[in-house]
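One structure below.
Proteins come first, then strands; the chains are lettered A, B, ... in the order of their sequence lines, and each starts at number 1.
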Protein chains: 2
Amino acid sequence: MGQAQGIRARQREETQQRILTAARHLFAQVGYERATIRAIASAAGADPGLVMRYFGSKQELFSQVASMSPDDGLTGTPEEVTEYVLTSLAAKLTEEPSATLAMLRSMLTHPEAAEEVRAAANRQERQLAAAIVADDAEARAGVIGAITLGTLIARHLLQLNGLAAATPAQITSLLRPCLQSLTRDPARTPHHAAPAGDPH
Amino acid sequence: MGQAQGIRARQREETQQRILTAARHLFAQVGYERATIRAIASAAGADPGLVMRYFGSKQELFSQVASMSPDDGLTGTPEEVTEYVLTSLAAKLTEEPSATLAMLRSMLTHPEAAEEVRAAANRQERQLAAAIVADDAEARAGVIGAITLGTLIARHLLQLNGLAAATPAQITSLLRPCLQSLTRDPARTPHHAAPAGDPH
DNA sequence: GTCTATATTCAGATAGAC
DNA sequence: GTCTATCTGAATATAGAC
């Protein structure tokens, strides 16, 4: 095998990359069903047939594009966990995490995407629940997951006024007390009333 | 015109109602695109042609099914607003609000649904922001909207472990401190530390 | 008033020419 | 290696029979 194949392989790599990024952005913008192979190829400046040839099927292309990397760092004291969740969320609020958004955009109408999100969310909930010392730790972890989910959807996918206009720092500042009340030992934060002020 | 038309008109009303409820549930289960006219008609025990005849188009059927009623009651003191949001959320956690779920399921992939949700959310955010006395009232209202949105999605549409298993009372109990910290006058609840306890 | 048959459009996937 | 042409299936919507 001489140089010729190396050049062609290189060309192919580049085309594949262009297809992948185009697919990632289209899936994030319009979801799995409306992101057609034709539109993806057109956005990547490639041929629809090539997309099929390189990735086999639309579903396989989606899988390669929208994998969710598992979170680590969800361990330690409640305070550490709170801050980790907040900084990790802040990162996803400043830059648009297009791979994650592709998943989120598609999860309500594409069963495979829903399954991926469920798996990732359940992993995260198990880690969170282990760090929270409470008998209702699972519910607390679930609420934390719902809050981050709702925040990302509201800002990036729906562009609701309140959240799209706010800065990431503003949002995380507002969420800090929420997460603290959810991760803190419930024996010290009763549900219905605070009989005395902050115990110190 | 005699009785005959009355009977037929009555028949038609019943068929229309069966179609509407079938459509509502199917839209809530699989979203706008995957809920085909054929499937809706089949679930309603009616003919696909009738659905078109009665409602004109799929989009019009969706509009009739999935209208979001505007919230009132979002006014008063921060405490009152917090409790109103919580009880209104609790209601949507116990029974499955299929009209709302039809909207939510479709909002990420169907532009018309997204526009409806945006309009409803912005209405609610304006009402909430008016009740919250703070310079960042819009951001606070946006975070409250994101939290309720995320909670409903996680429980009803994704069935994430933590939230699907919890009781509505558990969830609202956990969310109460969150909402209190978001609606309370920020001058009295600084972000980073609580210098003194509850002022009364 | 209700249902059958079909026109039209558009998607994913395949086979084969260049 | 890349692109053209086409097959197949499914969905909305329409026209017309019963």
Nearest-Å distance for atom pair CD1/P, residues A/Ile37 and D/dC3: 15 Å
Using whole Å, what does the distance between atom C1' of nucleotide C/dG1 and atom CZ of B/Arg12 come to? 9 Å
For DNA chain D, the residues among residues 101-116 of chain B that have a non-hydrogen atom under 4.0 Å from it: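 Those residues: none at all.
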Of all of residues 44-65 of chain B, which get a heavy atom below 4.0 angstrom from DNA chain D, listed by number?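 Heavy-atom cutoff 4.0 Å gives B/Met52, B/Ser57, B/Lys58.
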Could you list all the ring-ring contact (aromatic ring centres under 6.0 Å, His included) pairs where at least one residue sits in residues 29-48 of chain A, not counting sequence neighbours?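 Residue pairs with at least one partner in residues 29-48 of chain A: A/Phe27-A/Tyr32, A/Tyr32-A/Phe62, A/Tyr32-A/His110.
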Would you list the pairs meeting salt bridge (Lys or Arg N to Asp or Glu O under 4.0 Å) in which at least one residue belongs to [range], sequence neighbours left out?
| range | result |
| --- | --- |
| residues 14-39 of chain A | A/Arg10-A/Glu14, A/Glu33-B/Arg34, A/Arg34-B/Glu33 |
| residues 105-116 of chain B | B/Glu115-B/Arg118 |
| residues 48-74 of chain B | none |
| residues 80-97 of chain A | A/Glu83-A/Arg176 |

Sequence neighbours left out, what passes side chain to side chain contact (heavy atoms under 4.5 Å, CB included) with B/Ala129? Give chain and number order. B/Ala137, B/Ala141
Looking at residues 22-34 of chain B, who's got a heavy atom less than 4.0 Å off DNA chain C?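 Going residue by residue through residues 22-34 of chain B, none turns out to have a heavy atom under 4.0 Å of DNA chain C.
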Counterpart residues, side chain to side chain donor-acceptor pair (under 3.5 Å), relative to B/Thr82 (two or more places apart):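 For B/Thr82, the residues satisfying side chain to side chain donor-acceptor pair (under 3.5 Å) (neighbours in sequence not counted) are B/Thr183.
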Side chain to side chain donor-acceptor pair (under 3.5 Å) against B/Ser106, all qualifying residues, sequence neighbours excluded: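 Counting only residues at least two positions away or on another chain, B/Ser106 forms no side chain to side chain donor-acceptor pair (under 3.5 Å).
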How many angstroms lie between atom CZ of A/Arg140 and atom CG of A/Asp135, to the nearest 0.5 angstrom?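 Between atom CZ of A/Arg140 and atom CG of A/Asp135 there are 8.0 Å.
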Listed by chain and number, what are the ring pair (Phe, Tyr, Trp, His ring centres under 6.0 Å) partners of A/His156, not counting sequence neighbours? none
